[in-house]
Amino acid sequence: MPEPTYTIAELAREFALTPRAIRYYEDQGLIAPARAGVQRVYTRRDRIRLKLTLRGKRLGLSLAEIRELIDMYDTAPESTQLARLLEVLARQRAKLEQQREDIEAVLAELDGFERQCRDLLEGAERPAPRKR
DNA sequence: CTTCTCACA
DNA sequence: TGTGAGAA
């Protein structure tokens, strides 16, 4: 059985990406498909790397981080790879928690403004009784 | 289908 | 982090 291969259009369809995005990932060093003349030929291995790339993206990792992890996938020993993965994940967790703090601060400020607005509105609808 | 470039968000 | 257009 020969290796199954894929065209860029096939992978684009399978992973719901544009061919352009896949070429962009290649530019960023995440995949390195072979060529048949000028056309890219993707092997099962390229397909796996693309899948790993998308998993990294779901975790919110940068393409540079994903590239580093993917490179280790076929170079560094697994223990090294897993240790590095844990570092990246810890940093990502810290980043998300910081974002959550920032969002909560803005939400609190929003609460304050809303309260002021409602107070003003109430004042207009039910004006203070005039003195007579 | 390909490369490359410029522009845009 | 991508996209779209246009040239070749």
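Per chain, numbering begins at 1; letters A, B, ... match sequence-line order.
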Colleague: Determine the minimum heavy-atom distance between A:A12 and A:T18, stating which atoms define it.
Modeller: CB-C, 4.1 Å

Colleague: CD1 of A:I22 versus C1' of B:dT2: gap in Å, rounded?
Modeller: 15 Å

Colleague: Taking only residues two or more places apart in sequence or in another chain, which ones pass side chain to side chain donor-acceptor pair (under 3.5 Å) with A:R20?
Modeller: none

Colleague: Indicate every side-chain donor-acceptor pair of residues 100-108 of chain A with a distance under 3.5 Å to a residue at least two apart or in another chain.
Modeller:
from	atom 1	to	atom 2	distance (Å)
A:D102	OD1	A:Q98	NE2	2.9

Colleague: With A:D74, which residues qualify under side-chain contact (heavy atoms from CB on, under 4.5 Å), at least two apart?
Modeller: A:R45, A:R49

Colleague: Counting only heavy atoms and a strict 4.0 angstrom limit, can you tell me which residues of residues 4-12 of chain A come near DNA chain B?
Modeller: A:I8, A:A9

Colleague: Holding to side chain to side chain donor-acceptor pair (under 3.5 Å), I want the full list of residues that pass it with A:R47, two or more places apart in sequence or in another chain.
Modeller: A:E14

Colleague: What residues, two or more places apart in sequence or in another chain, satisfy side-chain contact (heavy atoms from CB on, under 4.5 Å) together with A:Q92?
Modeller: A:L61, A:K95, A:L96

Colleague: Once side-chain contact (heavy atoms from CB on, under 4.5 Å) is applied, do any residues pair with A:A64, and if so which ones, sequence neighbours excluded?
Modeller: A:S62, A:R67

Colleague: Rounded at 0.5 Å granularity, tell me how far OH in A:Y25 sits from CD1 in A:I31.
Modeller: 9.0 Å

Colleague: Nearest heavy-atom pair of A:I8 and A:R23: which atoms, and what distance?
Modeller: CD1-CG, 3.6 Å

Colleague: So which heavy atom on A:E26 is nearest to which on A:Y42, and how close?
Modeller: OE1-OH, 4.1 Å

Colleague: Please list, one pair per line, the donor and acceptor atoms closer than 3.5 Å that link side chains of residues 112-124 of chain A to other protein atoms, with sequence neighbours excluded.
Modeller:
from	atom 1	to	atom 2	distance (Å)
A:R115	NH1	A:D119	OD2	2.6
A:E122	OE2	A:R126	NH2	2.7

Colleague: Indicate for each nucleotide in nucleotides 4-9 of chain B, in 5' to 3' sequence, whether protein heavy atoms under 4.0 Å reach the base (B), only the sugar-phosphate (S), or nothing (-).
Modeller: -B----

Colleague: What closest approach, in Å, do A:Q81 and A:L69 show between heavy atoms, and which atom pair accounts for it?
Modeller: NE2-O, 4.2 Å

Colleague: For a 4.0 angstrom threshold against heavy atoms of chain A, report the outermost contacting nucleotides of DNA chain C in 5' to 3' order.
Modeller: C:dT1 to C:dA5

Colleague: Could I get the full list of side chain to side chain donor-acceptor pair (under 3.5 Å) partners for A:R84, not counting sequence neighbours?
Modeller: A:E68, A:E87

Colleague: Between residues 41-74 of chain A and DNA chain B, which residues have a heavy-atom gap below 4.0 Å?
Modeller: none

Colleague: So does A:R23 get a side-chain nitrogen or oxygen closer than 4.0 Å to the phosphate oxygens (OP1/OP2) of B:dT2?
Modeller: yes

